Every structure is written in structure tokens, then in C-alpha cells.
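Step one of this worksheet: look at the structure below.
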Amino acid sequence: MNIPAVQELKEYHRRGGARSAVTIDDEEMRRVTDVLARQPIVVETPPAELRYIEGLLRLPLFSIEEFFVIPASGHPECACGRTPTALDLVVHAVESRLHDEQLLRDTLSGEHNLFEFADEGRAAPCLNCGREFLSGSYWTHNYLYA
């Protein structure tokens, strides 16, 4: 996903020595998520799926207030009819052990704004049919993959 403002921010932090991620302040986080939220297709993870993520990761109930995904394909729906959300990404990360559960928990409940650089997007299987989908960006209150 090539959004100029996001690309500029990644390049700025890479020039400063960041390779794949950086902690950013609240104002920078707000600016970048505001740009992402204005993209043509943004999928909001439904509240029931947010509660599922919290249960899966043993996070306090209602600790995740929102979680958004921008599909890389530009199409929000899978061929099976499901609209993949952050739940598909988190379940895939847990089941395939892409990251340690504690790291996922710490990332989603953390106090710092983590900006992870997305160069290729992130693939995960659709929870309904297993067909792989690619997300270009996703974010919650203190974590951003873009």
C-alpha cells in the first residue's frame, strides 16, 4: 500500500536507523491513523470479534476498542462472502505461531505506539473458507502496521 504520507513517515524513520518498526508519539500516531482512516476501503472489526481477540489473547474485556484493516486488494470481501478483519489476522498469528502470544498481548495492550513498517502487506487465511487474503495496513489504538 503506497500512501504518500505513510511512505514519507517510514522513510523518515528508516533514515534515522529504524529497520522494521519504531515507537512513535501520540500525535504522530494520530496523524498517520487519520490518513489511513480516510482511505476508500477501511474495514472496522466488529465488537464481537474484538471480544474474541481479547479472549484468545487473555486480555481484559473491552481493552481493544477498535481495530481497522485496509485490504491490499481493494476489495473488502473474500470470495466466500466473509469480510476479513483483524480477527483473521490475530487468529492466524496465534495458530501459526508467527509471534509469541505474550508478544501479541503486549503489543495490543501496550502503552507505546508501535509503528511496524509494511512493505509487502500481511497475508492470513479467511476464517470462513481458508482462502488467503492480503491486508495492506491495520491498526488499533497503539499499534500500526502500514
Side-chain angles (χ1 to χ4, degrees), residues 1-10 12-13 18 20-146:
M1 168 159 289
N2 189 6
I3 300 169
V6 176
Q7 288 302 114
E8 289 172 21
L9 184 60
K10 286 195 295 191
Y12 169 78
H13 286 295
S20 61
V22 66
T23 300
I24 58 178
D25 64 30
D26 289 343
E27 181 58 33
E28 201 167 40
M29 184 72 158
R30 201 170 9 265
R31 276 197 319 265
V32 109
T33 57
D34 284 349
V35 167
L36 291 172
R38 290 192 305 268
Q39 297 310 299
I41 297 175
V42 176
V43 176
E44 183 173 5
T45 303
E49 293 187 8
L50 296 175
R51 304 300 74 85
Y52 190 97
I53 292 169
E54 292 162 348
L56 182 65
L57 296 176
R58 296 182 311 281
L59 290 168
L61 197 57
F62 300 104
S63 61
I64 303 174
E65 296 178 9
E66 56 189 15
F67 209 141
F68 301 95
V69 176
I70 297 178
S73 68
H75 303 287
E77 285 190 3
C78 179
C80 72
R82 174 173 166 72
T83 299
T85 67
L87 178 60
D88 302 74
L89 294 163
V90 172
V91 166
H92 176 61
V94 170
E95 288 181 352
S96 63
R97 292 184 165 78
L98 287 176
H99 301 293
D100 177 75
E101 258 185 71
Q102 186 63 48
L103 176 62
L104 292 169
R105 207 170 12 264
D106 290 348
T107 300
L108 294 181
S109 66
E111 298 175 19
H112 306 289
N113 298 323
L114 181 64
F115 176 17
E116 185 178 0
F117 306 150
D119 294 320
E120 302 295 321
R122 180 87 23 104
C126 170
L127 285 176
N128 193 45
C129 71
R131 184 175 287 119
E132 189 172 89
F133 73 95
L134 188 65
S135 61
S137 298
Y138 49 90
W139 70 96
T140 185
H141 70 285
N142 63 346
Y143 174 73
L144 165 65
Y145 178 83

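If you're wondering where the values come from, they're calculated on a predicted model, not measured in any experiment. All residue numbers refer to positions in the sequence shown, counting from 1.
D88 places no side-chain N or O within 3.5 Å of a backbone atom of C126 that could act as its donor or acceptor partner. Under a 3.5 Å cut-off, the side chain of R31 and the backbone N or O of D26 do not form any donor-acceptor pair. E54 places a side-chain N or O within 3.5 Å of a backbone atom of F62 that can act as its donor or acceptor partner.
Contact detail for T83 and P76: the closest heavy-atom pair is CG2-O, 3.3 Å. Heavy atoms only, all atoms of each residue included: H92 and P125 are closest at ND1-CD, 3.2 Å. Shortest non-hydrogen contact noted between H141 and S63 is CE1-O, 4.1 Å. Here the shortest heavy-atom pairing between R58 and E101 reads NH1-OE1, 3.1 Å. P84 approaches C78 most closely through the heavy-atom pair CD-N, 3.9 Å. Nearest heavy-atom pair across D25 and E28 is OD1-N, 2.7 Å.
Looking only at side-chain heavy atoms (C-beta outward), N142 and T140 come within less than 4.5 Å of each other. Taking the side chain as every heavy atom from C-beta outward, Y145 and I70 never approach each other to under 4.5 Å.
Remark: E95 CD to L56 CG distance equals 8.0 Å, nearest 0.5 Å. Separating the CD atom in E8 from the CD1 atom in I3 is a distance of 12.0 Å, to the nearest 0.5 Å. For the atom pair CG of L104 and CG of L59, the computed distance is 9.5 Å after rounding to the nearest 0.5 Å. One finds the CZ atom of R105 at 14.0 Å from the CD1 atom of I53 (value rounded to the nearest 0.5 Å). Here CD of Q39 is found 13.5 Å from CZ of F68. Values are rounded to the nearest 0.5 Å. Note that the OG atom of S20 and the CG atom of D119 stand 9.5 Å from one another [nearest 0.5 Å].
Each of V42, V69, V32, N113 was checked for a side-chain contact (heavy atoms from CB on, under 4.5 Å) with W139, and the lone residue meeting it is V42. Here the options are L108, T85, L87, V43, the test is side-chain contact (heavy atoms from CB on, under 4.5 Å), and the partner is F67; only L108 passes.
The neighbour count for H112 NE2, taken as heavy atoms of other residues, nucleotides or ligands under 6.0 Å away, does not exceed 12. No more than 12 heavy atoms of other residues, nucleotides or ligands sit less than 6.0 Å from atom CD of E120. For E65, the CD atom is loosely surrounded, since the number of other residues' heavy atoms within 6.0 Å does not exceed 12.
Note: F115 and H13 have perpendicular aromatic rings, judged against thresholds of 30 and 60 degrees for the angle between ring planes.
Annotation: cation-pi geometry not satisfied between R122 and Y138 (NZ/CZ under 6.0 angstrom from ring centroid, within 45° of ring axis).
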